[in-house]
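For reference, the structure is listed below as structure tokens.
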Amino acid sequence: MNDTRTIRIAVDAMGGDFAPGNVISGALDALRETNNRFEVLLVGKEQLIRSHLTSSGVERLSYSIVDAPEII
């Protein structure tokens, strides 16, 4: 049986120390190292997340952004 389901991992891009830069960088590094074996959902303030997606090659990585403008 060939299972073609995609694993999706939601990441709170606004949480943790030095967020969102370090969180986004770590998630993208994991995608690069695993050759896109899963999809990352970056959850947080969309415009702020987009401003940190400046490294080359990010357009080939398997991620999407879920806008969550409020922070608890």
Side-chain angles (χ1 to χ4, degrees):
M1 180 173 163
N2 186 8
D3 191 356
T4 60
R5 290 181 287 179
T6 300
I7 296 172
R8 290 184 182 94
I9 301 173
V11 176
D12 178 6
M14 309 313 290
D17 293 336
F18 309 107
N22 282 358
V23 175
I24 294 168
S25 177
L28 298 180
D29 284 347
L31 288 172
R32 286 184 189 101
E33 289 178 17
T34 61
N35 198 29
N36 282 327
R37 293 192 59 169
F38 55 91
E39 178 184 359
V40 171
L41 305 175
L42 297 169
V43 182
K45 294 182 178 184
E46 183 174 6
Q47 292 303 318
L48 189 55
I49 292 170
R50 288 197 185 281
S51 72
H52 283 84
L53 294 171
T54 57
S55 62
S56 64
V58 296
E59 64 278 351
R60 293 183 301 252
L61 297 176
S62 181
Y63 72 89
S64 57
I65 299 170
V66 178
D67 187 33
E70 295 181 25
I71 298 174
I72 297 175

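One is the number of the first residue; the rest follow in order along the sequence. Heavy atoms only: backbone and side chains are in, while hydrogens, waters and symmetry mates are out.
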Mind listing the closest non-hydrogen atom pair of [X] and [Y] along with its distance?
{"X": "V58", "Y": "L53", "result": "CG2-O, 4.0 Å"}
{"X": "A19", "Y": "A13", "result": "CB-O, 3.5 Å"}
{"X": "D12", "Y": "V23", "result": "O-CG1, 3.7 Å"}

Applying the 4.5 Å side-chain criterion to the ILVMFWY set and letting contacts propagate, would [X] and [Y] be lumped into a single cluster?
{"X": "F18", "Y": "I24", "value": "no"}
{"X": "I49", "Y": "I9", "value": "yes"}
{"X": "V11", "Y": "F38", "value": "yes"}

Checklist line | Pairwise distance CG(L28) to CG(L42) - rounded to 0.5 angstrom | finding: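 One gets 6.5 Å once the value is rounded to the nearest 0.5 Å.
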Return a table of donor-acceptor pairs under 3.5 angstrom between the side chains of residues 59-72 and protein atoms on other chains or two or more places apart.
residue: S64; atom: OG; partner: E39; partner atom: OE2; Å: 3.2
residue: D67; atom: OD1; partner: E46; partner atom: N; Å: 3.1

Item checked: Side-chain (S51) to main-chain (L48) donor-acceptor, under 3.5 angstrom -> yes
Next item on the list: Say whether, by atom type as modelled, one donor and one acceptor occur between the side chain of S25 and the main chain of G21 under 3.5 angstrom.
Entry: no
Item checked: Close side-chain approach of N22 to D17, heavy-atom, < 4.5 Å ->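 Not in contact.
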Item checked: Qualifying residues under side-chain hydrogen bond (donor to acceptor under 3.5 Å, both in side chains), relative to R32, sequence neighbours excluded ->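 D29, S55.
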